[in-house]
**Q** 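To start, I am sharing the structure in question, which I have written as structure tokens.
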Amino acid sequence: MNRETYRAMIRGLIATIIEKEVVLGEADAKESVLTILDLLEDLDLFWNSDMEFEENAEHLQRFINTTREKYTLGRQ
């Protein structure tokens with residue numbers, strides 16, 4: 001994996017989350033979005049654990065945390 005591939009992969013998954021929200025609505029997109037968020041975290045931990053591909057990983061983590069919060073609020 002190289003930096004360009006990593007960044008394209010992350011951007012593609014984020015775009016997929018956004019598109020699912022727009023097309024399906026938040027309620028219907030919820031399960032898919034949470035799955036993609038798990039995948040984003042896993043891929044970032046695996047490929048970018050040493051910050052080789054993305055030095056500003058906190059932006060991705062902030063997106064993941066904010067989006068996860070939105071979809072898990074009220075969920076017990």
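All heavy atoms count here, side chains included; hydrogens, waters and symmetry mates do not.
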**Q** Would you say CD of Q61 has more than 12 non-hydrogen atoms from neighbouring residues, nucleotides or ligands within 6.0 angstrom?
**A** yes
**Q** T5: what forms a side-chain hydrogen bond (donor to acceptor under 3.5 Å, both in side chains) with it, not counting sequence neighbours?
**A** N2
**Q** Which value, rounded to the nearest 0.5 Å, describes the distance between N48 atom CG and M1 atom CE?
**A** 10.0 Å
**Q** Testing the basics here: between E26 and Y71, what is the closest heavy-atom pair and its distance to 0.1 Å?
**A** O-CE2, 3.2 Å
**Q** Angle between ring planes, F53 versus Y6, binned at 30° and 60°: parallel, tilted or perpendicular?
**A** parallel
**Q** Tell me, with the steps shown, if K70 and T66 meet side-chain contact (heavy atoms from CB on, under 4.5 Å).
**A** CA-CA 6 Å; K70 176 170 71 172; T66 301; 5.9 Å; no
**Q** Side chains of D38 and R68: does their closest heavy-atom pair fall under 4.5 Å?
**A** yes
**Q** Apply the hydrophobic cluster definition, ILVMFWY joined by side-chain contacts under 4.5 Å directly or through others, and give me every member besides V23.
**A** L24
**Q** Flag yes if M51 and L40 sit in one hydrophobic cluster, no otherwise; membership is Ile, Leu, Val, Met, Phe, Trp, Tyr, and two members link when side-chain heavy atoms are under 4.5 Å apart.
**A** no
**Q** Among residues at least two apart in sequence or on other chains, which ones pass side-chain hydrogen bond (donor to acceptor under 3.5 Å, both in side chains) with D28?
**A** none
**Q** Among residues at least two apart in sequence or on other chains, which ones pass salt bridge (Lys or Arg N to Asp or Glu O under 4.0 Å) with E52?
**A** none
**Q** When you group the ILVMFWY residues by side-chain heavy-atom contacts below 4.5 Å and let the links chain together, are L45 and L60 in the same group?
**A** no
**Q** Counting C-beta onward and ignoring hydrogens, is there a side-chain heavy-atom pair between I10 and E54 closer than 4.5 Å?
**A** no
**Q** So, taking the atom named CD1 in I14 and the one named CE in M9, what distance separates them when rounded to the nearest 0.5 Å?
**A** 10.5 Å
**Q** Report yes or no: do E69 and N65 form a side-chain donor-acceptor pair below 3.5 Å?
**A** no
**Q** What's the shortest heavy-atom distance between A29 and K20, and which atoms?
**A** CB-O, 3.6 Å
**Q** Go through the structure and list residues passing side-chain hydrogen bond (donor to acceptor under 3.5 Å, both in side chains) with D50, not counting sequence neighbours.
**A** none
**Q** Under the criterion side-chain contact (heavy atoms from CB on, under 4.5 Å), which of T35, V33, V22, I64 is the partner of I17?
**A** V33
**Q** How long is the straight-line distance from CG of L43 back to CD1 of I36, given to the nearest 0.5 Å?
**A** 11.5 Å
**Q** What residues, two or more places apart in sequence or in another chain, satisfy side-chain hydrogen bond (donor to acceptor under 3.5 Å, both in side chains) together with E55?
**A** R3
